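Order of appearance sets the numbers: ligands from 1, and atoms from 1 within every ligand. Every value quoted in this text rests on a predicted model; they were computed, and no experiment measured them.
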Amino acid sequence: MSVDIDVVNWRMEEADETIVLTLDVAGQRANALSSTVLEEFDRILGQIESRPLQGLVIRSAKVNGFIVGADVNEFQKIVDSTQAAALARAGQTVFNRLAGLPFPSVALIHGNCLGGGLELALACTYRIAREDEATRLGLPEVRLGIHPGFAGSVRLPPLIGDLAALDLMLTGRTVSARQAFALGLVDETVPERHLLNAAHAFIARHPHRRRATWWKRAPSWPFLRQPVFRLLQRQLHKKANPDHYPAPYRVLDLWRRAASQEEEALSLGELLVGRTSRNLVSIFLLGEELKRNGRRNPHGIAHLHVIGAGTMGADIAIWAAFKGFRVSLQDQQPEALARTVKKAYGFYRKKLKKPVAIQNAMDRLMPDAGGNGLRRADLVIEAIVENADVKRGLFRTIESIVRPGALLATNTSSIPLEVLGEALKDPSRLVGLHFFNPVAQMQLVEIVRGKQTSDSALERARAFTVAIERLPLDVRSSPGFLVNRVLMPYLIEAMTLAQEGIPIEQIDQAATRFGMPMGPVLLADTVGLDICLSVAEMLSGPLGISVPDRLREAVERGDLGKKSGRGFYVFDRSGRPRHRAVRGHTDTPVIERLILRMLNEAAACLREGVVDDPDSVDVGMVFGTGFAPYLGGPMRYAEALGEVGIASSLRRLAQEYGPRFEPDEAWARSDLLTHHTVPRS
Ligand code: NAI
């Protein structure tokens, strides 16, 4: 029997004195806890709490999961910490009402149960999860620069123990249903078809709630709490700079103080309006925007054919088969195919664990030396040697073989699409799908538009990229596209600094202290100095980048970086660079030169229309290179520094070090640099 109540996001049914409440947020793919959803939930609880019921079941109608967390879009509208704390307090009040019901409540969890969603589940008497790999539970708030705010930090330790709770909150990692059961986070895991019955059984039996055993709670004993805190804080210092990422330190501090819900809300309020969270939230929303953009149209791709099983082609094929696509992989060298199959097996075993799932993924990936898959493919991605003539020859040959509706893509990192398109009768079907190395880790894919590329080719390319869970960023076909072009002056400047005699360790440490995931010299060694040299040479003509002698000489000697054991660094057998200790340095002049060259190039890209707006630069550089996420990307950082200040610093550097620092004319045109797609607070 359905029960009448004036809400739009919840559905309420009642049978045998048990209410089944289904969340189905109107007009959205996933359930997020907006203020409206919480307010409706509160009204429902108000209506049922005084009734003589047996129990309450809470579940989601969305295919992809339970609840993904609080509604992040609302974060951007918050003006101050008082308002932010009030938002947390409001959520706590509703969840306390849920926890205080006079009858048992059960959360039925499938798919994503994250952040505020898990906090809602924690306020229930019991939690039952669907037992499959798609079910993921976690508190990923630190990734947005905040911590739980709906009493999660208070409810979790008594349930699963202090160290396990801190681990989940500090890392933001998610766990599967099986792992959640082992942790004590859920009471039972069952297949889909038993979910509702299991909930009714729990309500009927009404067993004691799960609680952490005494030894799992031992770290919270007064005489252990302080030493455990100090130990964890020391470990944290190795991973995150508190000035850049304060949230995990707040999590630890709340735990050390055995903080109340009110203290949790106040702390969250401060974090939510701080620089780091504002920037991380904006980058997150920009990533979501790219996904939405890609989902607008169907890709119509079931079979992918990849040509070239080298570094990139192999990884693209392995990844696409992992994400459910049928993939044939062609290479002129049979050994390359054999290597890929071996690599795929290792990758799937690590990721999928279950033999059936591994076997299915292996079955989807077909080595295809003869290129038989070409005839059946809906999408062909070419990842052969970076040579325009060879690539053109390949496209000429395959155009007569592929189906009329097949989409053609190139992974080229430097050849203009127009040049490759010359080989085709119909160049409108050619698009660039520029992946980054390693494919499994780098989320970005540049969707390269040549002059002749059709809109429908671009739409399909974007949709395919989202379907393999990567982020599609539109870029115009021009030398280096966006990411390599903006990165290269930064890498070259690092090599120039090294050439001037500054220790490479000092250069890299300055960059990592600034917030880069890896220093530029080590990054160049890791990418491969031969690749750096070829990209630098390709950009040297159009952009006037001069290639440092040290780079050229290293490549001539065969010192290619990590892969040859020696580049700027010397690498040990396990691939770790040997560092020399550096002392007595200041980071500022080094960082200023490195970052301003990057910002200047980014401004040039905007002026030339390589990407549409500063947000695209930011999302591209954060997801394509790991540019300091707490700063929100290069253009947001530029905004914080101020355009006038940047231009005058560049002029000063130009006088000292030469014309490569001349400020781009875009700095004088603030309309180019401050247009944002996602509203900024
Ligand atoms: P690679 O040299 O590792 O692999 C190329 C593979 O293609 C080799 O296995 C070769 O046997 C095969 N091949 C060459 N000609 C062929 C043909 N006509 N038919 C079939 N197979 C053929 O090269 P890598 O690094 O994977 O680069 C491939 C493409 O991806 C290039 O266009 C490159 O610019 C681009 N790229 C490379 C990145 C990197 O970090 N290596 C990053 C992004 C793009």
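- The pair Arg660-Glu493 counts as a salt bridge, with a side-chain nitrogen and a carboxylate oxygen less than 4.0 angstrom apart.
- Remark: distances from the non-hydrogen atoms of Glu382 to ligand 1 are all 4.0 Å or more.
- Within ligand 1, counting atoms from 1 as listed, the ones closer than 4.0 Å to a heavy atom of Phe435 are 42 (C), 43 (C).
- A salt bridge does not link Arg597 with Glu592: none of the charged nitrogens is closer than 4.0 Å to a carboxylate oxygen.
- Looking only at side-chain heavy atoms (C-beta outward), Gln443 and Phe436 stay at 4.5 Å or farther from each other.
- Contacts of Asn437 with ligand 1, taken as heavy-atom pairs under 4.0 Å, involve the side chain alone.
- Closest to atom 29 (C) of ligand 1 among all protein heavy atoms lies Ile384 O, 3.4 Å.
- Of the protein's heavy atoms, Gln332 N, 3.4 Å lies nearest to atom 21 (N) of ligand 1.
- Of the protein's non-hydrogen atoms, Asn411 ND2, 3.0 Å is the one closest to atom 30 (O) of ligand 1.
- Polar contact with ligand 1: present for Thr311 (N/O pair, distance under 3.5 Å).
- A pairwise comparison of heavy atoms in Arg460 and Gly300 identifies NH2-O, 3.5 Å as the closest pair.
- Looking at Asp331 next to ligand 1, an N or O pair under 3.5 Å apart turns up.
- The distance from ligand 1 to the heavy atoms of His434 drops below 4.0 Å at these ligand atoms: 43 (C), 44 (C).
- Counting heavy atoms closer than 4.0 Å to ligand 1, residue Ile415 contributes nothing at all.
- Between the side chains of Ser534 and Glu386, no donor N or O sits under 3.5 Å from an acceptor N or O.
- Side-chain contact between Glu288 and Phe284 is present, with at least one heavy-atom pair separated by less than 4.5 Å.
- Judged by the 6.0 Å distance and 45° axis criteria, Arg593 is positioned over the aromatic ring of Tyr657.
- There is no side-chain donor-acceptor pair under 3.5 Å between Asn372 and Arg375.
- For atom 36 (N) of ligand 1, the nearest protein heavy atom lies closer than 4.0 Å.
- Residue-level proximity to ligand 1 for Phe436 is absent, since no heavy atom of it falls below 4.0 angstrom.
- Listed by number with element, the atoms of ligand 1 under 4.0 Å from a non-hydrogen atom of Ile307 are 19 (N), 20 (C).
- Atom 7 (O) of ligand 1 has its closest protein heavy atom at Gly308 CA, 3.5 Å.
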Q: Report the C-alpha distance between Tyr637 and Phe514 in whole Å, list the side-chain angles of each, state the deciding distance to 0.1 Å, and finish with yes or no for ring pair (Phe, Tyr, Trp, His ring centres under 6.0 Å).
A: CA-CA 12 Å; Tyr637 180 56; Phe514 177 80; 5.4 Å; yes

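- In the vicinity of Glu386, heavy-atom distances shorter than 4.0 Å reach the ligand 1 atoms 31 (C), 32 (O), 33 (C), 34 (O).
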Q) Given the rule in the ring pair (Phe, Tyr, Trp, His ring centres under 6.0 Å) test, do Phe325 and His303 qualify, once you have shown the distances and angles that lead to the verdict? A) CA-CA 6 Å; Phe325 284 85; His303 183 137; over 10 Å; no

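- Of the protein's non-hydrogen atoms, the one nearest atom 28 (C) of ligand 1 is Ala383 O, 3.2 Å.
- When each atom of ligand 1 is checked for a heavy atom of Thr412 under 4.0 Å away, the hits are 32 (O).
- At least one protein heavy atom sits closer than 4.0 Å to atom 18 (N) of ligand 1.
- Within ligand 1, the atoms closer than 4.0 Å to a non-hydrogen atom of Lys391 are 31 (C), 32 (O), numbered from 1 in the order shown.
- Of all protein heavy atoms, the one closest to atom 4 (O) of ligand 1 is Gly310 CA, 3.1 Å.
- Arg476 has its side chain out of reach of Leu482: every pair of non-hydrogen atoms, C-beta onward, lies at least 4.5 Å apart.
- No side-chain heavy atom of Thr171 sits less than 4.5 Å from a side-chain heavy atom of Val142.
- Nearest protein heavy-atom contact of atom 2 (O) of ligand 1 is Val385 CG1, 4.7 Å.
- Short contacts between ligand 1 and Ile531, defined as distances under 4.0 Å to a heavy atom of the residue, involve ligand atoms 41 (N).
- In this structure, the side chains of Pro489 and Met598 stay at 4.5 Å or more apart for every pair of heavy atoms.
- Nearest heavy atom pair, residue Ser328 against residue Gly373, reads OG-CA, 3.5 Å.
- Note: an N/O pair closer than 3.5 Å links Met312 and ligand 1 by distance alone.
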